[in-house]
Chemist: 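Below you will find the structure I want to go over with you.
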2 protein chains.
Amino acid sequence: MLNQTALHTGNLRQSTRPVAAHDLAGSVEMMGAPMAFARNSEIYGEDEPADYLYKVVSGAVRTYKILADGRRQVQAFHLPGDMFGFEVEGEHTLSAEAIVESRILVVKRSAIESLAARDHGVARELWSLTARELQRVQRHVTLLIKTAQERVVSFLLEMAERAQGASAVNLPMSRQDIADYLGVTIETVSRTLSGLESAAAIELPSSRRIVLRDHNALTRLCN
Amino acid sequence: MLNQTALHTGNLRQSTRPVAAHDLAGSVEMMGAPMAFARNSEIYGEDEPADYLYKVVSGAVRTYKILADGRRQVQAFHLPGDMFGFEVEGEHTLSAEAIVESRILVVKRSAIESLAARDHGVARELWSLTARELQRVQRHVTLLIKTAQERVVSFLLEMAERAQGASAVNLPMSRQDIADYLGVTIETVSRTLSGLESAAAIELPSSRRIVLRDHNALTRLCN
DNA sequence: CGACCATTTGATATGGATCAAGCGATGTGG
DNA sequence: CCACATCGCTTGATCCATATCAAATGGTCG
C-alpha cells in the first residue's frame, strides 16, 4: 500500500497555514499527503501495520473483512470528511478499498501521536473520534438484528443524514457493497428497493441515485 | 441509579496504596467506590448523563438497548475485570443491568478525566480501552452476519476465551440474554446447543454450564 | 453493434421464527 | 414436608422471510 502517486496539488497542502493548536483535523490537513486511489484499489490490508491515518477528501472508501468461507463483511463506508484507519496500536483489523476514484489525505500515525503526547486537546480528539466510531458500529449492530426491509431503510436514512439530510442520495457503492454491509443478498436489497418504490416511499431515477419521497413513511418502516 | 448501598469493604479501597502513574486500572481501584447491585437491577439507563465509569469486581453486567417495537438488543456482557460505561461526552447510549448479584467499582468520570488531562499515559489508556471496545463490537458485527449455529459457537468460544481459555464455561446469563446478544430466538439457541451436544462437540451438565468437548470441531463450525 | 457487468425480476428451497406443549428445577404456602 | 405455582429451558409442528438458483433487462465501453 501507499504505492500510489502522491498528488501534491498545493492547495491541499498549505504549508503556510498555521497549526491550530488542539485541532486534529487541521493538523491532518496540513501534515497529510494527498494521494489518489483508483476504483477498487486497496488502501491498506488486514494485518498490515497501522502506520498511517486517513482522511477522505473526495470519493468513497469501504472497510471490510473476508471471512474464512469467502463471504465479505463490509464494516463501514467512509465519505468525504471522514477519517479512518486509526488503530491505537499494532495492525489493521480490516482492509480498506476505494469504492470509486478517490483522493485521500494520508498522515503518519507517529506524527499525530507525538502531537497528541504534547497536546492534550489533540489526544482527546483522537479519543473522541474513536468513541464516535464505536457508536457508529453499535448502531450497525442494532441494524443487523432487524428485518431486511428495516436494514435497507435504515441504510437509506443513514446515507441521507450523512448527505446533510438531503432528500436524495447518490450512492457511490454497488448493490453488492450495500448487501455485504447489511448482511443480506443483492437480490434482497434490489427487491426491497423496488418494493419501496412501488409503495411510493422512494424513487429510483437510476440504480445509483435514490430520491427519498416519503421521509415519514421511511422513518416508520425502519422500526 | 447509584441508589445502592456502597460496600466500603476496605480491601477494595486501599487508600494506602500509592497511585501508579500512567495506570488507569490502578487509579480506578483506588478511587472507585465499590457498590452492590442486585440481580436485574439497573446500573444506568439510556440517555442518562454519563458521569461515572464502572469496573466489574464480581458478577456480570449486560448493556442493551430496547428498540421501538420492544425487541431488546444486548450489546455486550461485562465480566469481572471489565470496565464499561465510558463515553467521551454527554449521555449513555445504552442501558446497563446487573445479570446476577454483582459488585462494581464506580468512579466519577470527572476524576478520571482530570487525571487524563495531567497524565498522557492515562489519556492514552482511556483511548486504548475505547479502541479495544471498538474492536469487540466490530467482531460482534461480524458474528451477526453468520448463521445461527456459527453465532452460538462463536459465542461459546468467546466466553471460553474470556475464562482464560478454560474448556468449560459457567454462564451467568439466561438463554434469553444470549439470544438477544446473538440476534436469534431462545428456541434457536436451545436447539443449537442440543444439536452440538448430540454431535459430541459440547456437554450440558446443566443449562448454565457448558463443557467444550471438541474445541477443534467448534472452531471449524464457527467458520 | 456487441460484449460485459450491474441490476432487476421470477421460481423455488430452506433456515430460523413463531406458536404450542412438555419438562425440570426452584421456591412458597398450606 | 409435600402439593402446587412459577420460571427457565427444551422439544415439536408449522409458517414465512430471505436465500438460492436462474433468466431477463439495462447501462457502459471498446
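Chain identifiers are assigned alphabetically (A, B, ...) following the order of the sequence lines, protein sequences preceding nucleic acid strands; residue numbering begins at 1 within each chain. Being a predicted model, the structure only gives us computed values, none of them experimental.
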Chemist: Round to the nearest Å and state the distance from B:I178 atom CD1 to D:dC9 atom P.
Modeler: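 Distance, rounded to whole Å: 8 Å.
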Chemist: Within this structure, what is the CZ-to-P distance between A:R39 and D:dT28, rounded to whole angstrom?
Modeler: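 After rounding, the reported distance stands at 12 Å.
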Chemist: Taking any heavy-atom pair under 4.0 Å as a contact, classify A:S194: base, sugar-phosphate, or nothing.
Modeler: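 Sugar-phosphate, backbone atoms only, no base.
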Chemist: Between A:R175 (CZ) and C:dT7 (C1'), how many Å, whole number?
Modeler: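 To the nearest whole Å, that distance equals 7 Å.
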Chemist: Are B:F77 and B:Y181 close enough that their ring centers fall under 6.0 Å?
Modeler: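 Yes - the distance between ring centres of B:F77 and B:Y181 falls below the 6.0 Å cut-off.
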Chemist: If the cut-off is 4.0 Å, is B:T185 near the phosphate of C:dA17, judged by side-chain N/O to OP1 or OP2?
Modeler: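 Yes.
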Chemist: Please determine whether a side-chain nitrogen of the Lys or Arg among A:R151 and A:E158 lies less than 4.0 Å from a carboxylate oxygen of the Asp or Glu.
Modeler: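 Between A:E158 and A:R151 there is no salt bridge, as every charged N stays at least 4.0 Å from the carboxylate O atoms.
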Chemist: When we call it a touch if two heavy atoms are under 4.0 Å apart, what does A:V189 touch: a base, just sugar-phosphate, or nothing?
Modeler: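 Counting heavy atoms under 4.0 Å across all strands, no contact is made by A:V189.
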Chemist: Establish, with yes or no, whether the OP1 or OP2 oxygen of D:dG8 is under 4.0 angstrom from a side-chain nitrogen or oxygen of B:S207.
Modeler: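 So the side-chain polar atoms of B:S207 never come under 4.0 Å of the phosphate oxygens OP1 or OP2 of D:dG8.
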Chemist: Over how many whole Å does the gap from B:L193 atom CG to D:dT11 atom C1' extend?
Modeler: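 Interatomic distance, CG of B:L193 to C1' of D:dT11: 14 Å.
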Chemist: Whole angstrom is fine here: how far is it from CG in A:D69 over to P in D:dT20?
Modeler: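 Taking CG of A:D69 and P of D:dT20, I get 11 Å after rounding.
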Chemist: Using a 4.5 Å cut-off on heavy atoms from C-beta on, say whether the side chain of A:E46 contacts that of A:T63.
Modeler: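 They are not in contact (no side-chain heavy atoms under 4.5 Å apart), so the answer is no.
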Chemist: Rounding to an integer number of Å, can you tell me how far B:I186 CD1 sits from C:dA20 C1'?
Modeler: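 After rounding, the gap between these two atoms is 13 Å.
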Chemist: Quickly work out the B:L171 CG to D:dC9 P distance and round it to whole Å.
Modeler: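 It is 10 Å, rounded to the nearest whole Å.
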Chemist: A:G183 or B:R208: which one's nearest nucleotide on DNA chain D is closer to the 5' end?
Modeler: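 Result: B:R208.
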Chemist: May I ask you to say whether A:K65 pairs ionically with A:D180, meaning some side-chain N is under 4.0 Å from a carboxylate O?
Modeler: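 No.
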Chemist: Answer yes or no: does a side-chain N or O of A:T147 lie under 4.0 Å from OP1 or OP2 of D:dA17?
Modeler: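 False: A:T147 side-chain N/O out of range (4.0 Å or more) of D:dA17 OP1/OP2.
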Chemist: Suppose we call a contact any N or O donor and acceptor under 3.5 Å apart; does that hold for the side chain of B:E187 and the base of C:dC19?
Modeler: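 Such a pair is found, so the answer is yes.
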Chemist: Closer than 4.0 Å, any side-chain N/O of B:S206 to the OP1 or OP2 of C:dA25?
Modeler: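 Negative; the distance criterion is not met.
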Chemist: Within less than 4.0 Å of OP1 or OP2 of C:dG15, is there a side-chain N or O belonging to B:R191?
Modeler: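 The answer is no; no side-chain N or O of B:R191 sits under 4.0 Å from OP1 or OP2.
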Chemist: When the distance from CD of A:E150 to P of D:dA17 is rounded to whole Å, what number comes out?
Modeler: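 Taking CD of A:E150 and P of D:dA17, I get 12 Å after rounding.
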Chemist: Can you figure out which of C:dT8, C:dG16, D:dT18 approaches the side chain of A:A148 most closely?
Modeler: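 Among C:dT8, C:dG16, D:dT18, the one nearest the side chain of A:A148 is D:dT18.
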Chemist: May I ask you to say whether A:E125 pairs ionically with A:R132, meaning some side-chain N is under 4.0 Å from a carboxylate O?
Modeler: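 No, no charged N to carboxylate O under 4.0 Å.
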